[in-house]
Amino acid sequence: FNEARTHSAWLDKPVDDKLLQEAYDLAKMGPTSANQQPMRVVFVKTLQAKERLKPCLAAGNVEKTMAAPVTA
């Protein structure tokens, strides 16, 4: 974790919903404040949804977010 960096290159192929569900199922098991499970995740996959997200992104993240097959 001390040497982790943001991944900025993506394969040009879709991510299966089953894999996204598996990733979420693992993440939701992590500890939370007072065990309240406050995590909420929306998986953004379509170009139309990414365009709605675009105004909220930092300038340096726009290109790689728009190129990613899915954004959480």
Side-chain angles (χ1 to χ4, degrees):
F1 286 111
N2 292 330
E3 297 177 19
R5 297 289 177 259
T6 300
H7 188 77
S8 298
W10 314 107
L11 297 176
D12 187 20
K13 66 180 194 175
V15 177
D16 187 60
D17 287 341
K18 185 175 186 290
L19 181 60
L20 296 174
Q21 184 65 51
E22 289 174 7
Y24 173 76
D25 286 342
L26 286 174
K28 73 181 182 184
M29 301 305 286
T32 61
S33 175
N35 201 28
Q36 295 179 12
Q37 305 296 346
M39 183 174 77
R40 302 290 184 266
V41 179
V42 175
F43 293 110
V44 180
K45 296 174 95 173
T46 67
L47 180 58
Q48 294 82 4
K50 290 180 190 177
E51 287 295 336
R52 289 181 59 197
L53 181 63
K54 197 174 187 178
C56 303
L57 299 170
N61 292 330
V62 172
E63 186 177 337
K64 60 185 169 185
T65 299
M66 297 303 287
V70 63
T71 298

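Applying the side-chain contact (heavy atoms from CB on, under 4.5 Å) rule to Ala72 yields the partners Val41, Phe43; only residues at least two apart in sequence or on another chain are considered. Remark: Lys64 engages no residue in a salt bridge (charged side-chain N to carboxylate O under 4.0 Å, His left out) (not counting sequence neighbours). Remark: Gln21 pairs with Tyr24, Asp25 by the side-chain contact (heavy atoms from CB on, under 4.5 Å) rule, at least two apart or across chains. With sequence neighbours left out, the salt bridge (charged side-chain N to carboxylate O under 4.0 Å, His left out) criterion links Lys18 to Glu22.
Residues Leu19 and Val70 fall within the same hydrophobic cluster, defined by Ile, Leu, Val, Met, Phe, Trp and Tyr side chains chained together at heavy-atom separations under 4.5 Å.
For residues 42-53, the set of pairs meeting the side-chain hydrogen bond (donor to acceptor under 3.5 Å, both in side chains) definition, not counting sequence neighbours, comprises Asp17-Lys45.
Across every non-hydrogen atom of Pro69 and Pro14, the tightest pair is CB-CA, 4.4 Å.
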Can you give me every donor-acceptor pair (side chain of residues 53-63, partner residue at least two apart or in another chain, under 3.5 Å) with its distance?
none

Audit row: Thr71, Met66, side chain to side chain contact (heavy atoms under 4.5 Å, CB included) steps and yes/no: CA-CA 9 Å; Thr71 298; Met66 297 303 287; over 6 Å; no
